[in-house]
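Quick note on labels: first sequence line is chain A, next is B, and so on, each numbered from 1.
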There are 2 protein chains.
Amino acid sequence: MESVDRKPSAETEALVREVLERVADKWTLLVIEELGGEAGPRDVRFTRLLERVGGISQKMLTKTLRQLERDGLVTRKVFPVVPPRVEYRLTPLGESLGAAVCGVWEWVERHKDEVRRHRGTYDAARS
Amino acid sequence: MESVDRKPSAETEALVREVLERVADKWTLLVIEELGGEAGPRDVRFTRLLERVGGISQKMLTKTLRQLERDGLVTRKVFPVVPPRVEYRLTPLGESLGAAVCGVWEWVERHKDEVRRHRGTYDAARS
DNA sequence: TTCCATACTCACCAGATGGAGAGTGTGGAT
DNA sequence: ATCCACACTCTCCATCTGGTGAGTATGGAA
């Protein structure tokens, strides 16, 4: 067969999936978007993220941020003051992911009405 | 421009999230990738997808395809033969999503080693 | 008559997900 | 002495996710 296979290797494939799943969870994209919004602030505090990413719980925000930190996508700056002050910021790597994700984000914004229309048609057809 | 607020409205925001979550689940991206691979076949049968998207179960493949169909991203062509023959194909809308997703896919392939390295460092630092 | 292929659908169930709400530590303000 | 701010961390628990394996329909082949 021409162009052989796009399969790079089982291991690479597994890694791609692993990273993809990390990125593609319920909150990660929202948090990245919030940290990387072009006009938005660069360093963001925990509580501010909690407010901006509406609906997220403390637990999930913490977890999401830890995962992003582990993957080298955000840095966590702790100020030894009281009450605590912690600031999160996208790393260059995180920013590059934000840019890539931006394409999907834009697709959704551009096509959401079309998607909604299709859903309506589909649902109506079998009710 | 300052682009003031990126917040379009609570309703739009909700829709974006809804579509985003649909797209960002465990299997959707894999299935789209399989249907939209540039060198890959256009019309794909159920069983073939089952083989190509390794690890997916019948149940989840069916569910994923139904969701994609509902959103107008794939068409489902049923041939009235026996044994059954069903072919799936990306719609133009689905292809445009595939293109957008491609950016993320490429990011992952390009940066997966870096991510893996960060993970190693992070894990080592607190073991 | 029995088997087979294909594309499902369904019931069951373990494990993962994630929300709610309480608890923690510290030092300054009241 | 008490309270508060902030950024967590922990436990409990309901819901969701998704895998397994069985069942279904149909007509042709053996």
Q) Any side-chain N or O of A:Thr47 less than 4.0 Å from the OP1 or OP2 oxygen of D:dC6? A) no
(Q) Restricting to non-hydrogen atoms, name the atom on B:Lys77 and the atom on B:Asp43 that form the minimum distance, rounded to 0.1 Å. (A) NZ-OD1, 3.7 Å
Q | Whole-Å distance separating the CG atom of A:Leu61 from the P atom of C:dG19 | A | 11 Å
Q. Is the distance from OP1 or OP2 of C:dA7 to the nearest side-chain N or O of B:Lys63 less than 4.0 Å?
A. no
Q.
Could you tell me how far apart B:Leu30 (CG) and D:dG18 (P) are, to the nearest whole angstrom?
A. 12 Å
Q | Given A:Thr62, A:Asp25, A:Val74, A:Val31, the one that forms side chain to side chain contact (heavy atoms under 4.5 Å, CB included) with A:Gln67 | A | A:Asp25
Q. Under 4.0 Å: is that the gap between some side-chain N or O of B:Arg45 and OP1 or OP2 of C:dT6?
A. no
Q: Using the closest heavy atom to pick a nucleotide of DNA chain D for each, name whichever of A:Lys59 or A:Arg66 lands nearer the 5' end.
A: A:Arg66
(Q) Taking only side-chain N and O atoms of A:Arg76, does any of them lie within less than 4.0 angstrom of OP1 or OP2 on D:dC8? (A) yes
Q) Quick one: A:Leu65 CG to D:dA7 P, roughly how many Å, whole number? A) 11 Å
Q: Calculate the interatomic distance between A:Lys26 atom NZ and C:dT17 atom P; express it in whole Å.
A: 13 Å
Q. Given atom CZ of B:Phe79 and atom P of C:dC8, what is their separation to the nearest angstrom?
A. 13 Å
Q | From D:dC6, C:dC8, D:dG18, nucleotide with atom closest to B:Val86 side chain | A | C:dC8
Q | A:Tyr88 side chain, from C-beta outward: closest of D:dG18, D:dC8, C:dC8 | A | D:dC8
**Q.** Intermediate values then yes/no, side-chain contact (heavy atoms from CB on, under 4.5 Å), A:Glu34 and A:Val44
**A.** CA-CA 9 Å; A:Glu34 203 51 52; A:Val44 192; 5.9 Å; no
**Q.** Closest approach of B:Arg45 to B:Pro84 (non-hydrogen atoms, all atoms of both residues)
**A.** NH2-O, 3.3 Å
Q) A:Trp27 side chain: which of D:dG19, C:dG19, C:dT26 is closest? A) C:dG19
Q: Write down the atom of B:Gln58, the atom of B:Phe46, and the distance for their closest heavy-atom approach.
A: O-CZ, 4.0 Å
Q) Rounded to whole angstroms, how far apart are CG on B:Leu50 and C1' on D:dG18? A) 14 Å
Q. Rounded to the nearest Å, what distance is computed from the CG atom of residue A:Asp25 to the P atom of nucleotide C:dA16?
A. 16 Å
Q: Write down the distance between CE (A:Met60) and P (C:dG21), rounded to a whole number of angstrom.
A: 18 Å
Q. Which nucleotide in the list C:dG19, D:dC6, D:dT26 gets nearest to the side chain of A:Pro83?
A. D:dC6
(Q) Less than 4.0 angstrom between a side-chain N/O of A:Arg85 and OP1 or OP2 of D:dA7, yes or no? (A) no
Q | Residue closer to the 5' end of DNA chain C, A:Gln58 versus A:Val82 (nearest nucleotide) | A | A:Gln58
